[in-house]
Amino acid sequence: MVKVTLPDGAEKSFLDDVTVKEVAFDVGEGLGKSALAGKTNGVLVDLDFPIKEDVSLSVVTENSKEGLDILRHSTAHIMAMAVGHLFPDAKFGIGPTIENGFYYDFDLKEAITQDDLARIEEEMARIIKDDIPVYREEMGIADSVKFMGEAGQPYKVELIKGLEENGEAVSFYKQGDFVDLCRGPHVQSTGRVKAFKLLSIAGAYWRGKETNPMLQRIYGTAFPTKKELNKYLECLKEAEKRDHRKIGKDLDLFSFHEEGGPGLAFWHPKGAFIRNIIETFWRKEHYQRGYEIVYSPHIAKLDLWKTSGHWGFYRESMFPPIEIDEQEYLLKPMNCPFAALMYKTKLRSYRDLPMRWAELGTVYRYERSGVLHGLLRVRGFTQDDAHIYCTPSQLQDEIIKVIEFAQDMLNAFGFKEYEVELSVRGKGEEEKYIGEDKVWEMAESSLYNALKDKNIDFVRMEGEAKFYGPAIDIKVKDAIGRAWQGPTIQLDFNLPERFGLYYIENDGEKHKVIMIHRTVLGTMERFIGCLIEHYAGNFPVWLAPVQVKVLPITDAHNDFVFEIKERLESNDVRVECDTRNLKTGNKIRDGILEKIPYLLIVGDKEKEQGTVSVRSLKDGDEGSVGLSVFIERIKEEIEKKE
RNA sequence: GCUGCUGUGGCUCAGGGGCAGAGCACGUCCUUGGUAAGGACGAGGUCAUGGGUUCAAAUCCCAUCAGCAGCUCCA
């Protein structure tokens with residue numbers, strides 16, 4: 001007999017070799033039917049896993065994250081099987097689950113097309129309809145290598161060889177004529193998959209290495225029911241509508257030009273207006289928090305970049321030199337060397353520190369062509385940069401202040417979700433980094449303590465530190481869940497060294513200054529790109545380039561409309577009028593499509609009573625109110641940044 | 001940079017070796033209207049660029065440029 005402990009603490013006894021599935025059915029018919037796998041003592045196992053000793057068991061159903069992953073992983077196998085049928089020479093790579101689905105990589109002679117996806121889906125549907133049983137098998141490493149070698153699967157052979165040190169046997173899952181190396185668990189038969197969809201095709205390097213061959217990757221997803229699948233596909237469509245590139249065009253915010261060059265953004269008046277509001281807010285916040293604002297040039301002599309180390313370490317990301325008067329100049333990819341030069345113009349005392357110099361600095365980087373993406377990855381951008389010079393004893397406090405600042409900024413723009421990473425040195429590769437061990441340890445623990453102090457969840461990224469210092473990075477997500485680095489706090493041991501940046505301590509001695517690079521938004525381009533997707537273009541009133549549009553019912557009300565416009569403008573409200581010769585419904589529709597927060601409709605009634613009929617983007621028709629009442633309301637909203 | 005796909009009026013897109021299309025937007029006129037599209041007429045395109053095949057190329061082929069998806073990269 002074996003004793004099985006269930007998640008609710010209940011204990012049940014069964015005959016030896018009882019399977020997970022049998023236990024699940026014993027607990028309840030419903031659980032048995034929705035079961036996909038089990039978890040014995042925390043390890044995922046198949047439904048037909050025989051229980052041989054006392055265990056704690058939880059039944060994994062398709063409604064849990066783990067269950068969904070199993071379902072998707074099995075769907076990936078079905079897809080691979082289908083691809084194998086349609087392309088008999090296919091060599092299989094890997095096929096894992098990912099956040100919202102799965103993929104599988106194939107090495108094929110011919111390129112897969114969109115039409116092929118439909119064919120593959122059909123074949124998958126057939127495999128599912130045939131309800132082919134799925135079996136697990138274990139095999140020794142040597143036999144596995146031989147088996148996959150004979151099957152003409154070099155990638156699998158490579159994978160198995162990589163597993164060698166972990167044990168003597170590897171597991172395979174077999175369904176009909178398809179066998180795949182896999183840890184499992186899997187569904188018991190292919191018919192268990194009820195709703196799937198293949199989404200896209202892309203290239204992907206084998207094992208993610210640029211020097212490896214490029215395989216063809218097919219992305220897909222699966223859900224327990226058709227309804228959930230459709231809901232997900234609907235969400236994808238909705239997310240597409242939030243795409244900042246589309247909204248930027250629709251709302252006339254910015255553009256890119258073939259004639260201008262890839263990755264170079266042109267800000268139209270309305271986009272520039274939003275940017276200007278953000279920059280004004282940014283300046284005010286900086287002055288309030290003890291920063292001073294500086295400006296520096298866009299280009300500088302090549303020698304400066306040799307001194308800073310950029311020419312050595314960063315050259316391939318820089319635009320090539322420009323020759324002027326037999327001197328070579330470079331467009332700046334970063335602002336820091338300029339901050340260093342300015343620091344050096346005076347002898348600094350510990351009494352001067354901390355010094356916080358902020359700069360909206362426009363930089364240019366030669367990003368590889370394939371990585372450009374709307375405003376989110378560009379070649380010319382403006383960092384909301386700052387360089388803080390401080391003493392070691394001030395470091396901790398300064399980091400905490402920057403974290404608070406970044407959080408306040410993200411909050412001001414309604415970003416509630418973001419990921420925080422602490423990038424530190426990799427173990428055993430200390431020589432890759434500049435600076436003494438002692439200093440690194442102090443710096444890493446300062447960043448760590450600051451995050452702890454602010455009670456922030458973060459992921460520790462070993463080996464992700466820059467060569468010149470550790471960092472805290474904050475990542476914001478776009479409409480379809482891709483994470484983009486925004487605010488960053490980087491400690492720098494390199495520039496103070498290279499430029500000889502020091503201060504006089506109270507002992508009268510020179511000490512090396514600590515330099516912090518930081519941004520609290522990231523860059524104007526990326527931040528506003530994310531902001532557009534975050535609000536789906538429906539900007540809160542304080543950010544909306546046009547806050548109010550006044551619509552006359554007929555042109556007999558135009559005078560009243562202009563009067564209202566003046567009243568609003570004298571109260572610093574940004575307002576436009578729509579006196580076009582169109583019906584009211586038509587003008588309202590256009591106003592909504594322009595995502596204007598407030599439309600004020602005025603006709604005879606309003607003119608007589610001195611009121612406006614308010615239609616908000618958020619709540620629709622709100623009825624008439626006195627003009628001064630409306631003005632107070634919108635002023636308050638702007639003030640509160642709602 | 002790599003793999004695949006795409007490029008037709010301001011926008012969204014159809015067409016696919018034989019005279020360049022639609023809707024929206026734009027202009028003029030009619031219409032003076034009450035909370036998401038009133039009507040008529042009109043103007044607007046060397047079909048991304050360069051080369052090739054062909055009697056004939058927007059259409060087929062090659063290259064280049066730009067964009068999209070993903071990979072890689074991201075001081």
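Sequence lines set the chain letters: A, B, ... in the order given, protein chains first and strands last, and positions in each chain run from 1. Treat the numbers as computed from the prediction; the structure is a model and nothing was measured.
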Heavy-atom pair of closest approach, residues [X] and [Y]:
X	Y	answer
A/Ile489	A/Ile399	CD1-O, 4.5 Å
A/Asn335	A/Gln383	ND2-OE1, 3.2 Å
A/Phe499	A/Pro337	CZ-CB, 4.0 Å

Checking all strands, does [X] fall into the base, sugar-phosphate, or nothing category for heavy-atom contacts under 4.0 angstrom?
X	answer
A/His373	sugar-phosphate
A/Arg580	sugar-phosphate
A/Glu622	nothing
A/Tyr468	base
A/Arg482	sugar-phosphate
A/Gly370	base
A/Tyr205	base
A/Gly603	base
A/Arg217	sugar-phosphate
A/Lys587	nothing
A/Asp492	nothing

Given that both distances must come in under 3.5 Å, which nucleotide forms a Watson-Crick or G-U wobble pair with [N]?
N	answer
B/C68	B/G4
B/G33	none
B/A40	B/U28
B/G23	B/C11
B/G50	B/C62
B/C55	B/G18

Measure the [atom1]-[atom2] distance between [X] and [Y] for me, rounded to the nearest 0.5 Å.
X	Y	atom1	atom2	answer
A/Asn558	A/Ile553	CG	CD1	11.5 Å
A/Ser423	A/Met461	OG	CE	6.0 Å
A/Phe319	A/Tyr366	CZ	OH	8.5 Å

Measure from the side-chain heavy atoms of [X] and tell me the nearest of [options].
X	options	value
A/Asn581	B/U31, B/G70, B/G34	B/U31
A/Leu593	B/G34, B/A37, B/A36	B/A36
A/Pro262	B/U12, B/G67, B/A37	B/G67
A/Arg377	B/C74, B/U72, B/G34	B/C74
A/Lys583	B/C71, B/G4, B/G33	B/G33

Say you pick atom [atom1] in [N] and the same atom in [M]; how far apart are they, in whole Å?
N	M	atom1	answer
B/G51	B/U59	P	13 Å
B/G70	B/A57	C1'	33 Å
B/A14	B/G23	P	16 Å
B/G38	B/C24	C1'	16 Å
B/G50	B/U8	P	16 Å
B/C11	B/U54	C1'	35 Å
B/U49	B/C65	P	15 Å

Counting distance alone, no hydrogens or angles: does the base of B/C73 have a donor or acceptor under 3.5 Å from a partner atom on the side chain of A/Arg365? no
Do the side chain of A/Gln216 and the base of B/G70 come within less than 3.5 angstrom through a donor-acceptor pair of N or O atoms? no
Establish, yes or no, whether a centroid distance under 6.0 Å links the rings of A/Phe256 and A/Phe266. no
Whole angstrom is fine here: how far is it from CD1 in A/Ile480 over to P in B/G70? 5 Å
